[in-house]
Amino acid sequence: DVKVTQSSRYLVKRTGEKVFLECVQDMDHENMFWYRQDPGLGLRLIYFSYDVKMKEKGDIPEGYSVSREKKERFSLILESASTNQTSMYLCASSLKGGLAKNIQYFGAGTRLSVL
Amino acid sequence: ELKVEQNPLFLSMQEGKNYTIYCNYSTTSDRLYWYRQDPGKSLESLFVLLSNGAVKQEGRLMASLDTKARLSTLHITAAVHDLSATYFCAVEYSSASKIIFGSGTRLSIRP
């Protein structure tokens, strides 16, 4: 089974803090994604990566950055957390090709509260 | 503009009834996915639909794709409480290297 592990289920941070959300997958997937999920808005893509050291902006990248130094790990960074970044953050990974191409496997999510 | 619209957003239904969730998308796509999210948990893949007329079924859930109408449906047959969850469709646009999720349909099934 594919496993996507997010480092924290719940986080509480203060405004202005630098926040790191870590995601690790164990199935050698090329693609990795960070989403935020808010009630009524579905999933919105923040950043994605198709390969090590590659990153692409999604629909709402402002206030976020990412790092992918190793294939299995994709980190989301909030440089200076703000209250409007309080949300559920979901990491996902997928294969680039083959029959299972682009079927995303999701982590359990990190619920971040910024006070 | 690439858009994916699901309806209804909320659905409360009785056990034993049939119902359909709709997923409309704005332009030609390559693949369509359905996911399920249980309360407090993450998303799990249900179906991948690859071509016009594709139909996939698992248990009481059946998904279909009409690429000409840009419409996918998720049909629930004789609903049971265990199917209560939020269901998302997601549309892949290879030309834009994007997968866009709908807002989700929260399904609540009453005994």
Side-chain angles (χ1 to χ4, degrees), chain A residues 1-10 21 23 25 27 29-51 54-61 87-111, chain B residues 1-11 21-26 29-51 54 56 58 63 65 74 85-108:
Chain A
D1 274 356
V2 176
K3 195 166 182 185
V4 179
T5 304
Q6 293 184 231
S7 53
S8 305
R9 288 301 306 274
Y10 301 95
L21 302 182
C23 175
Q25 49 95 3
M27 283 301 291
H29 284 176
E30 296 90 356
N31 305 330
M32 294 190 76
F33 307 83
W34 275 106
Y35 295 91
R36 63 178 282 176
Q37 183 177 20
D38 300 289
L41 296 178
L43 273 70
R44 292 182 291 168
L45 182 63
I46 305 171
Y47 267 97
F48 59 100
S49 170
Y50 287 148
D51 205 344
M54 290 183 62
K55 57 186 178 185
E56 298 283 344
K57 292 180 180 179
D59 298 315
I60 52 164
S87 187
M88 171 69 87
Y89 290 87
L90 294 172
C91 174
S93 70
S94 69
L95 285 168
K96 197 179 282 188
L99 285 176
K101 171 188 166 187
N102 288 339
I103 296 174
Q104 295 188 32
Y105 294 83
F106 285 82
T110 297
R111 187 167 292 282
Chain B
E1 185 187 356
L2 303 176
K3 287 176 71 173
V4 179
E5 293 183 347
Q6 279 183 245
N7 68 84
L9 297 182
F10 300 98
L11 180 55
I21 299 169
Y22 298 89
C23 176
N24 290 91
Y25 53 97
S26 57
S29 85
D30 301 285
R31 293 182 176 209
L32 190 138
Y33 306 83
W34 283 97
Y35 290 86
R36 169 182 172 149
Q37 184 179 35
D38 291 307
K41 298 195 175 180
S42 197
L43 282 76
E44 292 183 0
S45 174
L46 288 173
F47 302 111
V48 182
L49 301 169
L50 302 179
S51 59
K56 293 276 184 77
E58 183 166 332
L65 179 62
L74 181 66
T86 299
Y87 293 87
F88 291 91
C89 66
V91 179
E92 178 179 328
Y93 295 100
S94 291
S95 58
S97 300
K98 281 196 166 195
I99 295 176
I100 298 177
F101 282 78
S103 298
T105 297
R106 188 187 295 176
L107 178 63
S108 174

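Here the structure is a predicted model, which is why all the values come from computation and not from measurement. Naming: A, B, ... by sequence-line order, numbering from 1 per chain.
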task: Would you mind telling me which of A:Gly109, A:Gly58, A:Ala108 has the largest number of heavy-atom pairs within less than 4.5 Å of chain B?
output: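 Of A:Gly109, A:Gly58, A:Ala108, A:Ala108 has the most heavy-atom pairs under 4.5 Å with chain B.
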**Study point:** Over 12 foreign heavy atoms within 6.0 Å of CZ, B:Arg36
**Key:**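 Counting neighbours around CZ of B:Arg36, more than 12 heavy atoms of other residues, nucleotides or ligands fall under 6.0 Å, so yes.
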Practice task
Before accepting this row, confirm whether a basic side-chain N of the pair B:Glu5/B:Lys3 lies closer than 4.0 Å to the acidic partner's carboxylate O.
Solution key: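 Yes, this pair counts.
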Check the side chains of B:Thr86 and B:Gln37 for a donor-acceptor pair under 3.5 angstrom, ignoring hydrogens and angles.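 No pair is found: no donor N or O on one side chain lies under 3.5 Å from an acceptor on the other.
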Donor + acceptor pair across side chains of B:Glu92, B:Tyr25 (<3.5 Å):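 Not at all, the side chains of B:Glu92 and B:Tyr25 share no donor-acceptor pair under 3.5 Å.
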Under 4.5 Å from any heavy atom of chain B, what part of [X] do you find: side chain, backbone, both or neither?
X: A:Arg111; answer: neither
X: A:Phe33; answer: neither
X: A:Leu45; answer: neither
X: A:Glu56; answer: neither

- Contact class of B:Arg31 relative to chain A, heavy atoms under 4.5 angstrom: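 Only the side chain of B:Arg31 comes within 4.5 Å of chain A.
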message = Under 4.5 Å from any heavy atom of chain A, what part of B:Leu43 do you find: side chain, backbone, both or neither?
response =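 It is both, since atoms from each part get that close.
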(Q) Applying ring-ring contact (aromatic ring centres under 6.0 Å, His included), can you list everything that pairs with B:Tyr35, at least two apart in sequence or on another chain? (A)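 Counting only residues at least two positions away or on another chain, B:Tyr35 forms a ring-ring contact (aromatic ring centres under 6.0 Å, His included) with A:Phe106, B:Phe101.
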B:Gln6 side-chain N/O to B:Tyr87 backbone N/O, donor-acceptor pair under 3.5 Å: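 Between the backbone of B:Tyr87 and the side chain of B:Gln6 there is a qualifying donor-acceptor contact (under 3.5 Å).
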